[in-house]
Amino acid sequence: MLGGRLLHGGDYNPDQWLAYPEVFEEDLRLMKEANVNSVSLGIFAWASLEPEEGRYELDWLDHIITRLGGEDIQVVLATPSGAMPHWLTQKYPEVMQVQADGKKNLPGKRHNFCYTSPVMREKTAAIDRELSRRFGKRKNAILWHISNELGGNFGDSTCHCELCQKAFREWLKEKYGTLDNLNRAWWNHFWSHTYTDWEQIHSPGPLGEMTSTALVVDWRRFSTNQISDFCEMEIRAVREESDLPATTNFMDFFKGLDYNRLKKGLDVISWDSYPFWHEQRDEVPVAVRTAANHSVMRALKKAPFLLMESTPSSISWRNNNPLKRPGMHMLSSMQAIAHGSDSVQYFQWRKGRGGYEKFHGAVLDHKNGSNTRTFREVSEVGARLEALSKNVEGTVNRPKAAIIFDWENWWALEDTQGPRLDLDYVECVLSHYRAFWEKGIEADLINMDADLTGYQVVSAPLNYMYKSGYEDRVRKFVSDGGVFVTTFFSGMVNETDLCFTEHHPLEDVFGIVPEEIDAPTEDFENYFVYEGTRYPARKMCEIVHAKKGTEVLSVYERDFYAGAPAVIQNAYGDGAAYYLAAESDDLFLRTFYDTVFKKADLKNALGTELPYGVTVTERTGVDGDRGIVFVMNFRNEPVCVEGTGEWTDTESGEVYKGKLELEPFECLVLK
Ligand code: GLA
Ligand code: ZN
């Protein structure tokens with residue numbers, strides 16, 4: 001655990017207030033009152049740290065770090081590359097991104113620099129080194145926060161400038177060796193797309209090539225690599241004078257960047273969570289999405305992560321920005337801890353008076369000091385985290401189930417022309433994850449390269465692409481006794497979007513021969529019966545044939561494929577594999593996963609059925625010891641969980657026998 005405690009605090013931007021020293025004095029006093037024990041400093045402060053090229057002004061930051069240290073407040077040291085100072089863009093226009101249509105950005109905004117530009121790299125490394133020399137060994141410094149939300153530039157996260165084009169071609173040469181290999185891998189003899197010179201290759205864009213999925217997917221891989229390389233360059237720069245671990249803040253299901261690549265250079269995973277609570281009365285879909293995000297972050301390193309940013313009240317960038325209702329701030333903060341976070345941090349400590357984000361929720365509002373509902377709820381979270389630190393230290397969630405969530409699959413699936421154009425990978429993964437969440441069965445969200453050993457259940461919804469080596473790992477997983485689930489439109493293509501020919505790569509494991517895929521409209525909705533209940537088969541209905549010995553659990557009710565298998569189970573080695581040929585609904589998935597969890601003998605930490613809106617997670621020590629269980633009620637009304645056995649509340653000491661009663665939006669932490 002960083003700094004030996006659960007961190008509570010967040011982005012602190014005193015560079016906006018340097019002309020008002022009394023504000024800093026008030027900040028220090030109120031941070032103590034809010035039980036803040038750590039702040040992130042210097043994100044976006046480049047213009048204050050280096051007002052002119054090569055002239056560094058670090059004294060103000062030094063003073064702040066020292067005074068914070070005096071109050072036992074730890075600091076996360078940020079590098080400022082998230083936003084460029086005007087002197088930089090004015091003198092070196094090459095640092096500004098070029099859009100996919102070839103238009104060069106004008107100065108301003110943020111997160112919009114070219115990741116390839118040697119000037120950008122040199123100037124960034126210079127300020128990073130300066131910061132590290134001065135602060136990298138400070139006693140209260142605990143972590144490097146590299147840049148900010150890398151790739152997150154209001155839409156396209158990549159740069160299409162000439163420097164990037166050149167780097168892309170070099171990257172492709174390295175990958176494919178010859179143009180011949182590339183042309184074959186990308187199927188370029190279609191539409192005369194055959195390249196005869198590397199210089200003919202250009203990044204995908206609206207004015208040029210967007211029709212080659214293989215190009216688009218490789219461009220996304222290249223951009224991920226370029227951004228990761230930039231991040232690693234920054235880490236090397238700060239490491240010259242400092243041994244502190246490094247992180248960079250990730251985002252909610254961010255398609256632009258494969259975090260499995262970016263994670264490699266990082267010591268700690270962190271992310272910024274801004275769920276749309278209270279968008280609807282039923283908070284479950286939002287709770288599910290947030291839990292899934294936490295599980296992606298935890299699974300990246302199978303270790304505790306940091307909730308680097310969250311809002312203590314509302315966000316400001318959607319059409320409607322509801323306030324967090326009383327109790328939701330505590331619950332959503334506890335949800336992060338429950339899924340493996342070792343912190344609850346905010347954007348930001350104090351609302352700015354002006355600028356784009358002046359109405360985004362912060363711990364301190366423009367007025368009323370500490371006398372606000374938000375401030376009181378934040379202070380309560382801080383106090384609770386402090387009390388929980390000892391119990392949580394050294395623990396993390398160690399699920400026995402996993403769901404495959406793979407960026408490369410995501411890119412290829414959604415860019416390809418197929419039976420439907422509206423396939424939404426994240427929505428599909430979330431619909432499966434929801435069934436796990438509702439049962440209180442935790443799952444890691446892992447990519448196709450991950451090791452499957454140790455899991456009892458692995459589910460791979462819409463697993464369109466099979467990356468090399470994957471099918472062997474799945475085959476071994478099932479033959480060793482694992483239970484594996486997949487859906488329609490799986491095992492279709494390899495890593496460059498070339499279709500598999502002859503047979504489905506895991507035909508033996510699933511016991512099927514897939515033939516056609518229908519994409520019916522609502523008028524042609526189909527049905528199947530599963531365990532006595534009729535469910536819809538819609539949107540994607542794959543027509544497969546069961547091999548001899550394969551168990552058909554449901555068949556289509558209608559159309560020319562009436563009687564064909566819709567739900568299939570196959571025994572393979574010591575394990576079992578399930579194939580869901582059709583898309584259905586949440587009710588079906590809930591019932592279906594009951595079968596799966598029974599088959600794998602998986603139960604939640606309470607060993608009982610959970611009422612709607614309630615879920616449960618567990619964090620344990622390395623040997624599965626010191627288990628603490630989090631029970632969360634996402635309903636704004638009291639609920640009762642029956643049949644739980646005996647539990648002690650780690651906070652109140654109360655003993656519960658056989659049942660748990662939870663208040664609206666309550667989270668209990670039990671032993
Ligand atoms: C992101 C950024 C922050 C801030 C918040 C506001 O997470 O990292 O700088 O803009 O969003 O929602
Ligand atoms: Zn560029």
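Predicted model only: the values in this text are computed from it and were never measured. One-based numbering, in listed order, for ligands and for the atoms of each.
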Does Q348 reach ligand 1, in the sense of a heavy atom lying below 4.0 Å from it?
no

Subset of ligand 1 atoms that lie under 4.0 Å from at least one heavy atom of H360:
6 (C), 12 (O)

Run the numbers for me: atoms of ligand 1, each under 4.0 Å from some heavy atom of E149, listed by number.
1 (C), 2 (C), 7 (O), 8 (O)

So W271 and H294, would you call those rings parallel, tilted or perpendicular, with 30° and 60° as cut-offs?
perpendicular

What atoms in ligand 1 come closer than 4.0 Å to a heavy atom of E357?
4 (C), 5 (C), 6 (C), 10 (O)

Side-chain touch E283/M328, heavy atoms, less than 4.5 angstrom
yes

Just jot down the ligand 1 atoms closer than 4.0 angstrom to any heavy atom of E309, in number order.
1 (C), 2 (C), 3 (C), 4 (C), 5 (C), 7 (O), 8 (O), 11 (O)

Any N/O/S atom of C161 sitting less than 2.8 Å from the Zn ion (ligand 2), backbone or side chain?
yes

Below 4.0 angstrom from a heavy atom of N148, which ligand 1 atoms are there? Numbered from 1 as shown, please.
2 (C), 8 (O), 9 (O)

Taking atom SG of C231 and atom CZ of R261, what is their separation to the nearest 0.5 Å?
9.0 Å

Any sub-3.5 Å donor-acceptor pair from T496's side-chain atoms to A214's backbone N or O?
no

At the Zn ion (ligand 2), what's the angle from C114 SG to C164 SG, rounded to 10 degrees?
100°

Considering only heavy atoms of F44, which atoms of ligand 1 have at least one such atom less than 4.0 Å away?
9 (O)

Near D272 (heavy-atom distance under 4.0 Å), the atoms of ligand 1 are 7 (O), 8 (O)

Over 60° means perpendicular and under 30° means parallel, so tell me whether F222 and W219 are parallel, tilted or perpendicular.
tilted

Please determine whether any non-hydrogen atom of Y356 lies less than 4.0 Å from an atom of ligand 1.
no

So, is D11 polar-close to ligand 1, with some N/O to N/O distance under 3.5 Å?
no

Of all residues at least two apart in sequence or in a different chain, which pass the salt bridge (charged side-chain N to carboxylate O under 4.0 Å, His left out) check with D415?
R220

Go through the steps to decide whether D15 and W60 satisfy the test side-chain contact (heavy atoms from CB on, under 4.5 Å), and finish with yes or no.
CA-CA 9 Å; D15 40 310; W60 65 269; 3.7 Å; yes

In this structure, is the centre-to-centre distance between the rings of F305 and H339 below 6.0 Å?
no

Nearest to atom 9 (O) of ligand 1, what protein heavy atom do you find, and at what distance?
R110 NH1, 2.9 Å

Looking just at side-chain N and O atoms, do S242 and W144 make a donor-acceptor pair shorter than 3.5 Å?
yes

